[in-house]
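Below, chain A is the first sequence line, B the second, and so on; all start at residue 1.
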Number of protein chains: 2
Amino acid sequence: MRPVAIGTATIRDVARAAEVSVASASRALNGHHSVTPATRERVLSAAQALNYVPHLGARSLSTRRSNTIGVVLPDLFGEFFSEIIRGIDRAAHRRGLQLLLSNMHGNADETALAIRAMRGRVDGLLVMSPEIDADVLVANLPTGLPAVVMGARLDGAGHASIVIDNHAGAWAAVEHLVAQGCTRLAHIAGPADNADALERARGFREAARALLGDETPLVLPGDFSEEAGVAAAGALRARGDIDGVFSANDIMAIACMVSLIEGGVAVPEKVAIIGFDDVPIARFVTPRLSTMGIRIADLGARALDRLIEAIDDPAAPAGEPDHLMPELLVRASSLRAGDGGG
Amino acid sequence: MRPVAIGTATIRDVARAAEVSVASASRALNGHHSVTPATRERVLSAAQALNYVPHLGARSLSTRRSNTIGVVLPDLFGEFFSEIIRGIDRAAHRRGLQLLLSNMHGNADETALAIRAMRGRVDGLLVMSPEIDADVLVANLPTGLPAVVMGARLDGAGHASIVIDNHAGAWAAVEHLVAQGCTRLAHIAGPADNADALERARGFREAARALLGDETPLVLPGDFSEEAGVAAAGALRARGDIDGVFSANDIMAIACMVSLIEGGVAVPEKVAIIGFDDVPIARFVTPRLSTMGIRIADLGARALDRLIEAIDDPAAPAGEPDHLMPELLVRASSLRAGDGGG
DNA sequence: CTGTTAGCGCTTTCAT
DNA sequence: ATGAAAGCGCTAACAG
């Protein structure tokens with residue numbers, strides 16, 4: 001008996017082989033209780049013999065359920081991307097859901113397109129839009145398709161959202177630097193159109209003013225990239241008076257730190273540095289990087305949880321945004337005095 | 001005129017509004033040439049007014065084309081995962097394809113399930129199976145569904161594949177260490193059921209024998225994890241006679257290196273270290289890690305390219321596996337003498 | 001418990 | 001150029 005082609009038979013073939021109607025075949029295959037054990041057996045073994053694999057596309061069309069979640073992400077940096085997907089995937093996997101992925105490279109038109117392309121293929125949408133113009137995004141969300149937005153505050157948009165408390169995180173970072181004895185602080189900023197970055201910068205400014213009485217603390221431009229970190233290091237060396245740096249993300253913090261050290265500036269003795277994100281790399285650099293840790297995978301998992309709720313009860317109100325408070329992780333790059341916490 | 005719900009109207013609604021048949025609506029919407037400019041115009045503006053978004057699920061069922069590629073990956077470590085997805089995504093995006101993602105967590109049953117769950121939703125499959133039992137995988141590939149296998153050699157399986165030349169890469173790494181003056185080599189191995197890891201170990205052993213006359217070079221156990229790297233460092237310190245380490249991946253190499261340095265062992269002066277993969281982190285550690293670089297994103301992109309070929313011409317033979325030769329990247333962690341190359 | 005009959009939303013012959 | 005109708009593979013009333 002030669003092996004039979006896989007995933008080639010339809011439910012009609014199975015029904016025919018089992019000598020029942022397609023309806024009964026369907027019921028047996030889906031474990032409905034209204035089938036005689038005998039027929040179920042016949043159907044199941046026919047399916048097995050024919051190597052039947054259900055056509056999920058057809059099923060979704062008929063049930064109006066795809067068991068698939070659409071994930072729309074911007075171009076993310078390495079670790080962040082994989083971690084968030086990992087979180088979503090784990091949660092999705094537990095529930096037997098599949099993930100339809102769509103990176104939005106750049107402009108708004110493409111984003112709109114990406115979202116529209118999900119129509120009829122997903123039960124809900126998980127979108128992440130750190131860019132400031134989350135409105136474009138929301139304006140394109142198909143009506144009636146549950147969605148939760150990650151990383152952007154969308155007041156009154158009617159969609160659930162889950163955001164990182166960047167402001168509080170920045171404040172905590174500054175607080176820590178000050179506790180370490182730093183008095184001349186600088187911030188390496190993120191992209192100007194990035195909501196997270198702006199909040200971090202705002203938190204930095206306010207904390208510097210409140211804690212140090214510094215009305216115009218130094219803010220170096222940046223864009224979350226390695227190069228920006230190196231450039232910042234250059235600027236810091238040129239000035240020579242800064243003793244504490246809070247970077248808007250880890251990548252820039254690390255690049256800056258490495259560059260500083262290679263330029264002969266002692267970290268943390270001369271300059272203490274703290275980042276934001278806690279990418280896995282942070283623990284591998286020397287000195288290990290202090291940072292405001294976000295459990296990125298948790299962000300994804302929680303977003304999916306909220307999405308499931310929204311799917312299960314579409315009528316429920318969106319509710320307040322979930323806040324994710326970053327955690328201060330004190331490591332060597334900012335540790336000057338005794339023990340300093342963490 | 002209030003804004004209308006998005007993605008709620010069907011093609012029938014559009015047809016009705018434009019006062020044409022659904023057939024004409026479909027033709028107009030899809031840019032067929034056999035429609036009068038006048039009716040096309042009517043259909044298009046009706047669609048616009050109704051905020052019509054085509055139901056892609058229904059379309060696939062009818063055209064037997066989903067414009068979606070299924071991606072089945074094992075649980076991967078951070079950078080590797082995001083890079084490979086990035087490569088695939090870029091290539092897919094260029095062609096207007098979507099990605100249906102499915103991680104296979106662990107066992108074979110789940111893998112089979114994951115693959116079956118793709119039936120009727122994808123035009124082709126991209127699977128990666130570093131585990132030694134790629135057969136299970138292939139045995140479950142739906143007949144007639146084009147597939148490309150990444151990272152495993154599947155002789156005669158009838159599927160195209162693209163593999164990393166691990167053996168040659170390992171050999172090159174050893175060659176480099178020897179050129180740097182190392183004479184007592186050790187290898188930190190990867191998981192015993194991982195095909196890539198096994199090839200790297202084989203390459204190491206053969207090169208050590210050929211280049212150094214070392215019949216039984218030290219091979220430390222490992223599993224690609226950070227912890228394994230730390231453990232290896234312990235073992236190396238205990239012995240004290242090893243002066244060159246080739247690790248099966250970067251993560252272990254870095255963990256080992258950091259641990260060695262913290263334990264007072266000078267790298268590369270006392271022990272030269274080289275890894276495999278070139279994860280982005282490699283350039284951030286101090287000293288920067290030498291490694292055998294794989295353009296991971298390229299791996300994904302090339303796999304997708306081959307998949308497209310297979311989809312466009314299902315009759316074409318699978319052909320030989322594509323080989324991807326890793327590139328020797330000499331950085332500080334293994335540089336002892338003069339310039340040393342790279 | 002089982003079979004018959006409609007669809008799900010779209011594309012595509014086949015006539016006209 | 002356009003419309004009517006069949007059908008992609010499956011599920012879900014509705015009868016029996």
N/O (side chain, [X]) to phosphate O (OP1/OP2, [N]) under 4.0 Å:
{"X": "Thr63(A)", "N": "dT11(D)", "result": "no"}
{"X": "Arg64(B)", "N": "dG9(D)", "result": "yes"}
{"X": "Arg59(B)", "N": "dG9(C)", "result": "no"}

From [options], nucleotide with atom closest to [X] side chain:
{"X": "Ser34(B)", "options": "dG9(C), dT2(D), dT11(D)", "result": "dT2(D)"}
{"X": "Thr36(A)", "options": "dA5(D), dC10(C), dT2(C)", "result": "dT2(C)"}
{"X": "Ser21(A)", "options": "dA5(D), dG3(D), dT4(C)", "result": "dT4(C)"}
{"X": "Ala58(A)", "options": "dG9(D), dC8(C), dG3(D)", "result": "dG9(D)"}

Describe the nucleic acid contact of [X] in one word from base, sugar-phosphate, nothing, applying a heavy-atom distance below 4.0 Å.
{"X": "His33(B)", "result": "nothing"}
{"X": "Thr10(A)", "result": "sugar-phosphate"}
{"X": "Ser26(B)", "result": "base"}
{"X": "Ser60(B)", "result": "nothing"}

| field | Pair His93(A), Gln98(A): side-chain N/O donor-acceptor within cut-off below 3.5 Å | value |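 No pair is found: no donor N or O on one side chain lies under 3.5 Å from an acceptor on the other.
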| query | For Arg121(B) and Thr68(A), does a side-chain donor sit closer than 3.5 Å to a side-chain acceptor? | reply | yes
| said: salt bridge (charged side-chain N to carboxylate O under 4.0 Å, His left out) for Arg86(B) and Asp89(B)? Distances and angles first, verdict last. | reply: CA-CA 5 Å; Arg86(B) 194 186 311 287; Asp89(B) 177 74; over 6 Å; no
| said: I need the minimum non-hydrogen distance between Leu44(A) and Ala28(A), along with the two atoms involved. | reply: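 So the minimum-distance heavy-atom pair works out to CD1-O, 4.1 Å.
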| request: Identify, between Ser62(A) and Val35(B), the residue whose nearest nucleotide on DNA chain D lies closer to the 5' end. | output: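 That would be Val35(B).
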Rounding to a whole Å, what distance do you find between [X]:[atom1] and [N]:[atom2]?
{"X": "Arg42(A)", "N": "dC1(C)", "atom1": "CZ", "atom2": "P", "answer": "15 Å"}
{"X": "His32(A)", "N": "dC10(D)", "atom1": "NE2", "atom2": "C1'", "answer": "12 Å"}
{"X": "Ile11(A)", "N": "dG7(D)", "atom1": "CD1", "atom2": "C1'", "answer": "16 Å"}
{"X": "Arg16(A)", "N": "dG3(C)", "atom1": "CZ", "atom2": "C1'", "answer": "15 Å"}
{"X": "Tyr52(A)", "N": "dG9(D)", "atom1": "OH", "atom2": "P", "answer": "10 Å"}
{"X": "Glu19(B)", "N": "dT2(D)", "atom1": "CD", "atom2": "P", "answer": "13 Å"}
{"X": "His55(B)", "N": "dC8(D)", "atom1": "NE2", "atom2": "P", "answer": "18 Å"}
{"X": "Asn67(B)", "N": "dT11(C)", "atom1": "CG", "atom2": "P", "answer": "12 Å"}

| query | Run the salt bridge (charged side-chain N to carboxylate O under 4.0 Å, His left out) check on Arg95(A) and Asp305(A) step by step: do they pass? | reply | CA-CA 10 Å; Arg95(A) 300 182 162 77; Asp305(A) 287 343; 3.1 Å; yes
| task | Answer with yes or no whether Arg27(B) presents, from its side chain, a donor or acceptor under 3.5 Å of a partner atom in the base of dG3(D). | result | yes
| CE of Met118(A) to OG of Ser102(A): how many Å apart, nearest 0.5 Å? |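 If we round to the nearest 0.5 Å, Met118(A):CE and Ser102(A):OG are 4.0 Å apart.
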| message | On DNA chain C, does the nearest nucleotide to Leu61(B) precede the nearest nucleotide to Ser24(B) from the 5' side, or the other way round? Give the residue. | response |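 That would be Leu61(B).
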